[in-house]
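Letters go in sequence order (proteins before strands), and every chain restarts at 1.
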There are 2 protein chains.
Amino acid sequence: MPTSKDVAQAAGVAQSTVSYVLSGKRPISEKTRKKVEAAIEQLTYQPNAGARALASRKTRVIGLVIPFIPELEMGSIMEFVSVIASTARQFDHDILLVTDDEGAAGLRRVVGQQICDGLILMQVEDEDERLPVARSLHVPVVLIGIPRDPSGLVCIDADFEMAGEHCVRDLAAAGHSVISVIDWQPAVMDRHVNYVDRFLHGTDVAAKALGVTVLHLPGGTDRATISESVDKALASTTGNPAFIVPDRTIQDILRRDLSGRGLTLGLDVSVIGSASPTLAELQPIPLSTIDLRPAEVSRRAVKIMCQLLESDSQGPHESLELVPTVITHRSSTLRPQ
Amino acid sequence: MPTSKDVAQAAGVAQSTVSYVLSGKRPISEKTRKKVEAAIEQLTYQPNAGARALASRKTRVIGLVIPFIPELEMGSIMEFVSVIASTARQFDHDILLVTDDEGAAGLRRVVGQQICDGLILMQVEDEDERLPVARSLHVPVVLIGIPRDPSGLVCIDADFEMAGEHCVRDLAAAGHSVISVIDWQPAVMDRHVNYVDRFLHGTDVAAKALGVTVLHLPGGTDRATISESVDKALASTTGNPAFIVPDRTIQDILRRDLSGRGLTLGLDVSVIGSASPTLAELQPIPLSTIDLRPAEVSRRAVKIMCQLLESDSQGPHESLELVPTVITHRSSTLRPQ
DNA sequence: CACCATCGTCGATACGCATCGATAATTCGA
DNA sequence: TCGAATTATCGATGCGTATCGACGATGGTG
């Protein structure tokens, strides 16, 4: 592998000159620049990352802490990961994976060894054991998700409260007076990610404001639980029933249950779910969805991180950004009256 | 951040001694070792990765090239990524993400900058533009998937041919004389990943050996295509029909189509699909599946990579490893006669 | 024409660790 | 008891880059 010294020799200049051509931190004459650039091209020179990190104290790598195989909803996690990685490249950074099975020690490790300049944490829980560590690390940390106490932390997430409000508002506008919200599956509820509460709170707020009734019913990945919840929902209204089902795994089960009862989506009953546009369109009856904008959340997380890295101000930062959600009505909801 | 020099000072030894305590490459007396370890503990010293890489010419980082958001089957990709990352940690390595939108240039970049010691490529296609680059890089490369010409390359993948054979064999044993294989969705077929051919070939081989008929029918993510394929399948047999549906997205559509025709899985018709055990069990009629062992493939890919890195022999390696697949019969297939 | 600011480049040094050769301390055999 | 063979440790050097101070060349000003 050629080094900057080789380049310097080939171009007939000093090594420091090569460095300045690359960084642009000092003026270089057009002639010299050309010579150096030609030599770089010639030798296919690429700067050594380790040496660069050692000298500049910047690795240009961001650590991404991914959840510990939650078995379900892996697809949506991958969307975050993928977008985060390519956005990072746009800011001339790379992504190092940190799996959550290393726990908080993993964070200390990658920061301590100075493998990366900052950390992005996914799936932040209400009382997350990683938070005290995150606060004590002397590198920027961006959380995707909002813990109970976000003080001293930089957080970003979809605006779940707005999402809940919009779902109820639109269903109310379609004439539903009783709206059933099916909880996430127990595995998610147990994790105490507080977007659940924010979403449910949003539905309550809208319900109060609009004078409609919102029912919170248990979710589950077995048909019995869902069937029971549907029973309760049907018993509670004389009009057309409406369901909000933010958990992707539960959607299929609910749809099957409803059609088993002879109810037709968009005709007798409204259902708002959550899925990628592609998947939503693929359904027998295209599903109306609330889009939680994972790609946009990912992009902004990286952007915030890179801004923090540039401004490299040592002081503790604190901010909270909510990404607006979007409802798309397809065919599974009644038309507004 | 403390350095090894700080540790040396605290322990009253030379910096090189600290280094030898850490690496074990020279004998150290018990007394000195204790002193140094105490100082390390005391200062919470962690070696600087950049300096280490610079001096040792090893980064202990593996580049993982992930597919460019194929929109579908992201869940299964995440399983690879997750297992690869944690397995790498077991071998004391880290994973750097390289997104495929950088293309072959991305590979040159991370290797040229010496950000990582080797590369793992996912979703290798038949004629992959990255292969010539992979062969020319002077670092170990492990492919997940098998290109048309694997010469000079180290490949690992699930044994799709065996998978195809086993599916046909078991369905034949259950009394089916005509077996329909539904292709992957067009998006996958177009990508020319050759596991498709290997799987289909496996079904043909078994069919010939057992004297049963295998029909290859088009797949698709729309109900019309699937419905047509089912029509053809039903028209081709007087006995109970049997389906093999390796594409996860298509499974739901097929199941719905069949039940719409009044056919009951495991009673009137056999279906073998592909899904994680958890998901398979969740179905109304638990799905018999062919398990392509993504976790095992991932683990072995990392293991092979780490072996290559240790033996750091420069010469071009070449190997091909196939991971046996496993059929699990649940309730969607007829009992063997 | 002398003087000073600016521009462009060079040389030297630091970054933190691994590693090699050398040296001091110890042990062993004859 | 002396030298040889170990054993344990130190000092010095190199890895490749960024960056700082210095210096010669250039151009403008009075």
Side-chain angles (χ1 to χ4, degrees), chain A residues 1-37 39-40 43-61 92 109-117 309-310 312, chain B residues 1-37 39-40 43-61 92 109-117 312:
Chain A
M1 296 275 181
T3 69
S4 62
K5 199 191 286 181
D6 298 329
V7 173
Q9 193 165 6
V13 300
Q15 178 267 326
S16 55
T17 302
V18 175
S19 184
Y20 286 121
V21 167
L22 252 28
S23 72
K25 294 198 177 176
R26 281 202 184 169
I28 297 287
S29 72
E30 194 58 23
K31 202 175 62 177
T32 307
R33 183 196 313 284
K34 292 283 188 205
K35 277 195 300 185
V36 171
E37 280 166 355
I40 287 176
L43 300 174
T44 66
Y45 165 75
Q46 298 192 251
N48 178 296
R52 195 188 269 253
L54 184 57
S56 70
R57 315 185 137 284
K58 305 234 164 198
T59 63
R60 307 199 71 79
V61 170
D92 198 23
R109 182 178 67 84
V110 292
V111 171
Q113 296 185 176
Q114 298 172 64
I115 299 182
C116 55
D117 300 333
L309 289 178
E310 285 198 27
D312 69 357
Chain B
M1 295 278 179
T3 70
S4 62
K5 200 193 287 183
D6 298 330
V7 173
Q9 193 164 8
V13 300
Q15 178 267 327
S16 54
T17 301
V18 175
S19 185
Y20 285 122
V21 167
L22 251 29
S23 71
K25 293 195 178 178
R26 282 203 183 169
I28 297 287
S29 70
E30 194 57 25
K31 202 174 63 180
T32 308
R33 182 196 313 286
K34 292 284 188 205
K35 276 194 301 184
V36 171
E37 279 166 356
I40 287 176
L43 300 175
T44 65
Y45 165 75
Q46 298 192 251
N48 178 297
R52 193 189 272 253
L54 184 57
S56 70
R57 315 184 136 285
K58 305 236 162 192
T59 64
R60 304 199 74 76
V61 170
D92 198 23
R109 182 178 68 82
V110 291
V111 172
Q113 297 185 175
Q114 298 171 64
I115 299 182
C116 54
D117 300 332
D312 71 356

- [ ] Using a cut-off of strictly less than 4.0 Å, decide whether B:Lys25 has a side-chain nitrogen or oxygen near OP1 or OP2 of C:dA18.
- [x] no
Task: Phosphate-side-chain proximity, B:Ser4 and C:dG16, N/O vs OP1/OP2 below 4.0 Å - done: no
TODO: With DNA chain D as reference, determine whether B:Arg33 or B:Leu54 sits nearer its 5' end, using the nearest nucleotide of each.
DONE: B:Arg33
Return the value, rounded to whole Å, for the distance between atom [atom1] of [X] and atom [atom2] of [N].
X        : N      : atom1 : atom2 : result
B:Leu22  : C:dG16 : CG    : P     : 16 Å
A:Ile40  : D:dT17 : CD1   : C1'   : 13 Å
B:Lys31  : C:dA25 : NZ    : C1'   : 11 Å
A:Ile115 : C:dC17 : CD1   : P     : 13 Å
B:Arg52  : D:dC15 : CZ    : C1'   : 15 Å
A:Glu30  : C:dC7  : CD    : P     : 16 Å
A:Lys5   : C:dC10 : NZ    : P     : 15 Å
A:Gln46  : D:dT17 : CD    : P     : 11 Å

Heavy atoms only, 4.0 Å cut-off, all strands: where does [X] land among base, sugar-phosphate and nothing?
X       : value
B:Ser19 : base
A:Pro47 : sugar-phosphate
B:Val18 : nothing

Open item on the list: How long is the straight-line distance from CD of B:Gln9 back to OG1 of B:Thr3, given to the nearest 0.5 Å?
Closed with: 9.0 Å
Task: Reported CD1-to-CG distance for the pair B:Ile40 and B:Asp6, which is rounded to 0.5 angstrom - done: 12.0 Å
TODO: Check whether any side-chain N or O of B:Asp117 sits under 3.5 Å from a backbone N or O of B:Thr59 as a donor-acceptor pair, and report yes or no.
DONE: yes
- [ ] Among the candidates C:dG16, D:dG16, C:dA18, find the nucleotide nearest to the side-chain atoms of B:Arg57.
- [x] D:dG16
TODO: For side-chain contact (heavy atoms from CB on, under 4.5 Å), just list the numbers for B:Tyr45 and B:Leu22, CA-CA rounded to whole Å, side-chain angles, deciding distance to a tenth of an Å, and then say yes or no.
DONE: CA-CA 11 Å; B:Tyr45 165 75; B:Leu22 251 29; 3.7 Å; yes
TODO: Evaluate side-chain contact (heavy atoms from CB on, under 4.5 Å) for B:Val7 paired with B:Val21, printing each intermediate quantity in order.
DONE: CA-CA 11 Å; B:Val7 173; B:Val21 167; over 6 Å; no
- [ ] Locate the shortest heavy-atom distance separating A:Leu43 from A:Ala10; write the atom from each residue and the value.
- [x] CD1-CB, 4.2 Å
TODO: Could you please spell out the steps behind the side-chain contact (heavy atoms from CB on, under 4.5 Å) verdict for A:Arg26 and A:Thr17?
DONE: CA-CA 9 Å; A:Arg26 281 202 184 169; A:Thr17 302; over 6 Å; no
Under 3.5 Å, N/O pairs linking protein and nucleotides 11-13 of chain C:
from: C:dG11; atom 1: N7; to: A:Ser16; atom 2: OG; distance (Å): 3.4
from: C:dG11; atom 1: O6; to: A:Ser16; atom 2: OG; distance (Å): 3.1

